[in-house]
Novice: 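Here's a structure for you.
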Amino acid sequence: MKTENCYILGIESSCDDTAAAVINNGVILSTIVANQEIHTEYGGVVPELASRAHQQNIVPVVHQALRKANIDKKQLQAIAFTSGPGLMGSLLVGTSFSKSLALGLGVPLIDVNHMQAHILAHFIKAEGQTAPSFPFIALTISGGHTQIVKVTDYFEMEVIGETIDDAVGEAFDKAAKILGLPYPGGPLVDKYAQQGNPKAFKFPKPKVGPLDFSFSGLKTSVLYFVERETAKNSNFVSENMADICASLQYTIVSYLMDKLKNAVKQTGIKTIAIGGGVSANSGIRAAMVDAEKRYGWTTHIPRFEYCTDNAAMIAMVGELKYKEGNFAAKDVVASARLKL
Ligand code: KG4
Ligand code: ZN
C-alpha cells in the first residue's frame, strides 16, 4: 500500500507515559508525550495510578497530536497502538481507545510490539538520524528490557542475548534510589556523572553468558558500598555524588560495550543501533561515537526524543505494517509479556 498521502496515528500507553504521534511518509508531523509526575512520590511506577492517568490523558494527548499535525481525524488512514509488552492496566487503556477510534473512523487497526518499535524508531526520517542497513545488531536498553537483537529485516528479529534479572534502566533507577535520588533516577545519575571521575570507585561487572546481562548484583554492591562508607562519614553520598554516579555509569556502559563486542565477534555484524530509554544516556552515546573510530563499527543513535517512550516509534511501525497490509484482527488483545 502507498503511504505518500497517508496519515497514521500512533498511540503508546505501555508504562507511565501517555503518547500520541502522527506520521506521514516516514516523517513525524507531531509527537506528544504526557509524563505522569504522580509516580515520583512513590519512588517507582504504581500500575493502578498509571492506568488511571492514561485514562485522563489519552483524549487530550490525541487531540493535541492531531492539532499539531494540522490534520483532522477523518484524514487518518490507520490507527497503530502498543499491544505489549508492558503493564496490563496501562496497555488496556491504549488498546481499547485505539480499537474504538479505528472502528468509529472505519480505518484499519495496527498492533505494535513496543520493543520492536524502540528498534524501528531508527527508520523515522529526521535530521541527525540515518536508518541502519540490514543486517544490524540492536541493543535495546530500557526500564523493562535489556536485549541484544539480530535484525535481518524490519520484522525479522532474533534475541541473541538478554538480562537474566533486572533491566539496565532498573539498575540505574535502583542505584539512584539508594543514593537518595528521586524516580526515575537514570537521567539524574547521568547528570551527576558528567561532573565526576569515572575511575573514583570500582563496582563489579557480573559474570554471565557472553551475550547476557545481570544487573541485580550491581544494585546490591552499590547498597553495601554506600552503607560501608556512610558508617565512616555520614555525608559520604552528598560529598561524592558526582564521583559515585560517574563510576557507576562507567561500569554499566563498559559492561554494555563488552557485550556488544561479543555480539560483533559472534555474528560478524558491525552495524550497531541502540534504542530504549537508556540510549538517552550520555555515556552510552559517547561510547557509540567512540566505537566508530576504535572498532570500525557503524553506529546509530536515535534522536533524544525517540529514545525514551514515545508514540512516534509506534506510528513508524504502524506505517511499515500498513505498507504490508499487516493489520490487527478485531479480537486483538493487549499482552503484558509480548515477545519480540
Ligand atoms: O524506554 P523507557 O522510556 O521506558 C521503558 O520502556 O522502560 O525507559 C525508561 C528508563 C528508565 O529506567 C530511566 O531511568 C532510563 O530509561 N533513562 C536513563 C536516561 N534517560 C532515561 N538512564 C540513564 N541515563 C539517562 N540519560
Ligand atoms: Zn520503552
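Just so it is clear, the structure is predicted and the values come from calculations on it, not from any experiment. Indexing begins at 1, ligand by ligand and atom by atom, following the structure's order.
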Novice: Report yes if the distance between the aromatic ring centroids of Y42 and Y183 is under 6.0 Å, otherwise no.
Specialist: no

Novice: For G144, counting its heavy atoms only, list the atoms of ligand 1 lying under 4.0 Å from any of them.
Specialist: 7 (O)

Novice: So for ligand 1, is G143 a polar contact partner (N or O within less than 3.5 Å, distance only)?
Specialist: yes

Novice: Please state which part of H114 comes within less than 4.0 Å of ligand 1, counting heavy atoms only: side chain, backbone, both or neither.
Specialist: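 Side chain only.
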
Novice: Going by heavy atoms, is Q249 under 4.0 Å from ligand 1?
Specialist: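 No, that is not the case, since the closest heavy atom of the residue is not under 4.0 Å from the ligand.
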
Novice: Are F201 and Y250 an aromatic pair by the rule of ring centers under 6.0 Å?
Specialist: no

Novice: Looking only at protein heavy atoms, identify the closest one to atom 15 (C) of ligand 1 and say how far it is in Å.
Specialist: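 Ranking protein heavy atoms by distance from atom 15 (C) of ligand 1, first comes V278 CG2, 3.9 Å.
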
Novice: For atom 23 (C) of ligand 1, which candidate among I284, I252, N281, N35 provides the closest heavy atom?
Specialist: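 Heavy atom nearest to atom 23 (C) of ligand 1 belongs to N281.
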
Novice: Specify whether Y295 and W297 have parallel, tilted or perpendicular ring planes, treating 30° as the upper limit for parallel and 60° as the lower limit for perpendicular.
Specialist: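 Answer is tilted, since the angle falls between 30° and 60°.
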
Novice: Judging by distance only, is a nitrogen or oxygen of G185 under 3.5 angstrom from one on ligand 1?
Specialist: no

Novice: With a 4.5 Å cut-off on side-chain heavy-atom distances among I, L, V, M, F, W and Y, is there a chain of contacts connecting L9 to L29?
Specialist: yes

Novice: Tell me which part of D190 gets within contact of ligand 1: side chain, backbone, both or neither, using heavy atoms under 4.0 Å.
Specialist: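 Looking at D190 and ligand 1, just side chain atoms fall under 4.0 Å.
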
Novice: So, regarding D309 and ligand 1 (criterion: nitrogen or oxygen to nitrogen or oxygen, under 3.5 Å), is there a contact or not?
Specialist: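 N/O-N/O distance below 3.5 Å exists for this pair.
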
Novice: Got a list of side-chain donor-acceptor pairs under 3.5 Å for residues 266-278, not counting sequence neighbours?
Specialist:
{"from": "T267", "atom 1": "OG1", "to": "A263", "atom 2": "O", "distance (Å)": "2.7"}
{"from": "T267", "atom 1": "OG1", "to": "I269", "atom 2": "N", "distance (Å)": "3.1"}

Novice: Could you identify the single nearest non-hydrogen protein atom to atom 22 (N) of ligand 1 and state the distance to 0.1 Å?
Specialist: G186 CA, 3.5 Å

Novice: What residue and atom, counting heavy atoms only, is the protein's closest point to atom 12 (O) of ligand 1, and at what distance?
Specialist: D173 OD2, 2.6 Å

Novice: So for ligand 1, is G169 a polar contact partner (N or O within less than 3.5 Å, distance only)?
Specialist: yes

Novice: Are a donor atom and an acceptor atom from the side chains of D166 and S216 found within less than 3.5 Å of each other?
Specialist: no

Novice: Should F203 and Y224 be marked as a ring-ring contact (aromatic ring centres under 6.0 Å, His included) after you check the CA-CA gap, both sets of side-chain angles, and the distance that decides it?
Specialist: CA-CA 11 Å; F203 296 107; Y224 290 162; over 10 Å; no

Novice: Is the distance between the ring centroids of F136 and F134 under 6.0 Å?
Specialist: yes

Novice: Return yes if a side-chain donor-acceptor contact under 3.5 Å exists between H114 and T82, otherwise no.
Specialist: no

Novice: Could you go step by step and tell me if D111 and K321 meet the salt bridge (Lys or Arg N to Asp or Glu O under 4.0 Å) rule?
Specialist: CA-CA 9 Å; D111 54 323; K321 284 188 140 185; 3.8 Å; yes

Novice: Heavy-atom count check: over 12 atoms from other residues, nucleotides or ligands less than 6.0 Å from K205 NZ?
Specialist: yes

Novice: Can you list, by chain and residue number, the protein N, O or S atoms under 2.8 Å from the Zn ion (ligand 2)?
Specialist: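 Metal shell, protein only: H114 NE2, H118 NE2, D309 OD1.
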
Novice: Regarding T298 and E292, is there a side-chain donor-to-acceptor distance under 3.5 Å anywhere?
Specialist: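 There is no such pair between these side chains.
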
Novice: Are V333 and L109 connected into the same hydrophobic cluster when the rule is that any two of I, L, V, M, F, W, Y join if their side-chain heavy atoms are below 4.5 Å apart?
Specialist: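 Shared cluster, no.
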
Novice: I'd like to check which ligand 1 atoms, numbered from 1 as shown, lie under 4.0 Å from a non-hydrogen atom of A280.
Specialist: 20 (N), 26 (N)

Novice: Just checking Y154 against F123, ring centres under 6.0 Å apart?
Specialist: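 They qualify: ring centres under 6.0 Å apart.
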
Novice: May I ask whether C15 places a heavy atom under 4.0 Å from ligand 1?
Specialist: no

Novice: In terms of atom number and element, which parts of ligand 1 are under 4.0 angstrom from non-hydrogen atoms of T308?
Specialist: 3 (O), 21 (C)

Novice: Ignoring angles and geometry beyond distance, decide whether D17 reaches within less than 3.5 Å of ligand 1 through its nitrogen or oxygen atoms.
Specialist: no

Novice: Nearest protein heavy-atom contact for atom 17 (N) of ligand 1: which residue, which atom, what distance?
Specialist: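 Residue, atom and distance for the closest contact: G277 O, 3.7 Å.
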
